[in-house]
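Every number for a ligand or one of its atoms is a count from 1 in the order of the listing.
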Amino acid sequence: MLKMTANILRTLFSKKPTRLYPIEVRTPFEIARGKLVNEIENCNFCSICALKCPSQCISVDKKAATWTCDPFACVYCGICVEACPFKCLHQEQAQRRPAYERQILLKKGLPH
Ligand code: SF4
Ligand code: SF4
């Protein structure tokens with residue numbers, strides 16, 4: 001009983017081990033691979049990123065000049081970033097914000 005009371009008191013007055021996410025966001029690590037960004041003006045819609053993506057969450061339509069990514073299927077591995085020959089993909093350190101409904105990331109460029 002005494003041991004349990006000591007445990008309760010220690011837990012009550014010690015710093016919380018978890019955060020109230022998303023209100024309190026942890027500072028990302030320097031090498032964190034977060035949100036995927038396509039600088040669409042440099043994309044030539046070659047589809048290499050879509051072919052290399054292990055979770056098949058990228059679709060490219062060269063004719064329509066669109067690039068889409070399903071962020072709910074993305075595992076943030078960074079393979080598409082490394083594979084892009086035009087260096088238009090990068091990952092920000094910060095993670096994508098939580099969402100209430102499914103969203104598809106759509107980028108539209110100029111047709112080539
Ligand atoms: S690999 Fe790069 S240039 Fe090619 S479609 Fe993907 S983002 Fe665009
Ligand atoms: S980070 Fe990985 S899973 Fe996400 S789109 Fe790129 S290759 Fe696919």
Tell me whether [X] contacts the main-chain N or O of [Y] through its side chain, where contact means a donor paired with an acceptor under 3.5 Å.
X: T68; Y: L105; value: no
X: R33; Y: G78; value: no
X: Q91; Y: G34; value: yes
X: K107; Y: C69; value: no
X: K52; Y: V81; value: no

At less than 4.0 angstrom from any non-hydrogen atom of [X], what atoms of ligand 1 do you find?
X: P85; value: 1 (S)
X: S47; value: 4 (Fe), 5 (S)
X: N38; value: 7 (S)

Which heavy atom in [X] sits nearest to a heavy atom in [Y], and how many Å separate them?
X: A73; Y: S55; answer: O-OG, 3.2 Å
X: Q93; Y: F29; answer: NE2-O, 3.5 Å
X: M1; Y: T5; answer: O-OG1, 2.8 Å
X: D61; Y: A64; answer: OD1-N, 3.1 Å

Proximal atoms of ligand 2 relative to [X] (non-hydrogen, under 4.0 Å):
X: Y76; result: 1 (S), 4 (Fe)
X: C53; result: 3 (S), 5 (S), 7 (S), 8 (Fe)
X: V75; result: 3 (S), 4 (Fe)
X: P54; result: 7 (S)
X: S55; result: 3 (S)
X: C74; result: 1 (S), 3 (S), 4 (Fe), 5 (S)
X: I58; result: 5 (S)
X: L36; result: 5 (S)

Quiz item: Does C46 bring an N, O or S atom to within less than 2.8 Å of atom 4 (Fe) of ligand 1?
Solution: yes
Give me the nearest non-hydrogen protein atom to [atom] as residue plus atom name, then the distance to 0.1 Å.
atom: atom 2 (Fe) of ligand 1; value: C84 SG, 2.3 Å
atom: atom 7 (S) of ligand 1; value: C88 SG, 3.5 Å
atom: atom 6 (Fe) of ligand 1; value: C49 SG, 2.3 Å

Quiz item: Would you call R96 and Y76 a side-chain contact if the rule is heavy atoms closer than 4.5 Å?
Solution: yes
Quiz item: Would one find an N, O or S atom of C57, in either backbone or side chain, under 2.8 Å from atom 2 (Fe) of ligand 2?
Solution: no
Exercise. Go through C53 and I79 one step at a time and tell me if the side-chain contact (heavy atoms from CB on, under 4.5 Å) criterion holds.
Key: CA-CA 7 Å; C53 174; I79 289 174; over 6 Å; no
Quiz item: Would I58 and I40 show up in the same hydrophobic cluster when neighbours are defined by side-chain heavy atoms closer than 4.5 Å?
Solution: yes
Quiz prompt | ligand 2-proximal atoms of V81, by part, heavy-atom distance under 4.0 Å | solution = neither
Quiz item: Is atom 8 (Fe) of ligand 1 less than 2.8 Å from an N/O/S atom of C43, whether that atom is in the backbone or a side chain?
Solution: yes
Self-check item: F86 contact mode with ligand 1 (heavy-atom cut-off under 4.0 Å)
Solution: side chain
Practice problem: Measure the distances from the heavy atoms of A50 to every atom of ligand 1 and state whether one is below 4.0 angstrom. | Solution: no
